[in-house]
Amino acid sequence: MNNEPEKKEDQTQDNNSSSLVQKIQQLGQSNVPQAPDSNIHVLSIIGQVEGHVQLPPQNKTTKYEHLLPQLVAIEQNPKIEGLVVLLNTVGGDVEAGLALSEMITSISKPTVSIVLGGGHSIGVPIAVATDYSFIAPTATMTIHPIRLTGLVIGVPQTFEYLDEMQNRVVDFVVNHSNITEEKFKDLMFAKGNLTRDIGTNVVGKAAVEYGLIDGVGGVKEAMQKVNELIKTNGTQDQQVMQ
Amino acid sequence: MIIYTPLSMEDVFYNANNNAERQMISYNGKSLYCEKKADGSFEIVQLLSTDPQDFLNHQLSPGTIISQTNV
């Protein structure tokens, strides 16, 4: 008597497995469960930001020609609702860095950045380009003047050109964060903080106190913030629709 | 071109005579930055994707060798 229900179970199991075999024979495949698509995409900017000149292969680089189309795809894809930018960079090409910053700031979807480890030099405008920026408590950002490399022909013209390049970076940072131009330039030209250069190494909490970065935090805070921004973004869209 | 970095230019432009051939390839619809091996296969150096789920796919993790026929 006890054996009968077990037999039935065996039979149903047999039926299930045979239907699966049939499915595989008919269609040549079975449904494999897959991870759901993420509605938040991640852009990591690591090593040197590489621009017009290809750097020697020992440099770890982020190539801007790879990132720009990805940013366009993020803007276009309706399934992507938010973007998290991870930064651990030692700076790099000014034009490439500013191009990335302008792309990130002009994305209509919510964007949040996290500075992990380091976001030096040209990493600063990229970090402040997002809607909200975080810095890990141990992360640092080096703010220093732009230096000249290569041939100098006319000194006054070169100085003016360099000053203009520097102003592009300063203007972007001042316009996209809460730091004043005066304070940012003070940090940039401070003496005695760096061993081989003038400038300042700003660590975690200090970056928030200067108004450069919006908050101290990591992945948890960044994900909370981007989800919160996605929600408010959604309600705004609905209001516009009505 | 101006490079804005706290590193010295010697560190950035130091040439280690590393002649490894690196190139972008497309594999299963994903863009990969790979190093070409002597036998023609590719070793993944970097996965270029913004989808965090792609980084959980072990077939796309750095160090994986892709044979030439699959590219």
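The sequence lines fix the lettering, A, B, ..., with proteins before strands; numbering per chain opens at 1. None of these values were measured; they are calculated from a predicted model.
- The shortest non-hydrogen separation linking Gln48(A) to Thr5(B) is NE2-OG1, 3.6 Å.
- For Ser31(B), no part lies near chain A; criterion is any non-hydrogen pair under 4.5 Å.
- Ranked by heavy-atom pairs shorter than 4.5 Å toward chain B, the options Leu162(A), Val169(A), Thr142(A), Val90(A) are led by Val90(A).
- Per-residue counts of heavy-atom pairs under 4.5 Å with chain B were compared for Ile146(A), Ile80(A), Val49(A); the largest is that of Ile146(A).
- Chain B forms more heavy-atom pairs under 4.5 Å with one residue of Leu83(A), Leu194(A), Val94(A) than with any other, namely Val94(A).
- In this structure, Glu160(A) places its CD atom where only 12 or fewer heavy-atom neighbours from other residues, nucleotides or ligands lie under 6.0 Å away.
- Contact annotation for Thr62(A): neither backbone nor side-chain heavy atoms come within less than 4.5 Å of a heavy atom of chain B.
- Using a 4.5 Å cut-off on side-chain heavy atoms (C-beta onward), His66(A) and Met24(B) make contact.
- Surrounding CZ of Phe55(B) are more than 12 heavy atoms belonging to other residues, nucleotides or ligands, all under 6.0 Å away.
- Listed by sequence position, Ile40(A), His41(A), Val42(A), Leu43(A), Ile46(A) are the residues of residues 39-46 of chain A in contact with chain B, using a 4.5 angstrom heavy-atom cutoff.
- Across Val12(B), Val45(B), Leu48(B), the residue that shares the most heavy-atom pairs under 4.5 angstrom with chain A is Val12(B).
- Taking NZ from Lys63(A) and OH from Tyr33(B), the interatomic distance works out to 3.5 Å, rounded to the nearest 0.5 Å.
- For the side-chain contact (heavy atoms from CB on, under 4.5 Å) with Ile2(B), the lone residue among Met165(A), Gln166(A), His52(A), Glu95(A) that qualifies is Met165(A).
- Ranked by heavy-atom pairs shorter than 4.5 Å toward chain B, the options Asn59(A), Val84(A), Thr89(A), Ile74(A) are led by Asn59(A).
- For Ile122(A), the parts sitting under 4.5 Å from any heavy atom of chain B are the backbone and the side chain alike.
- If you look at His144(A) and Tyr4(B), their ring centroids are closer than 6.0 Å.
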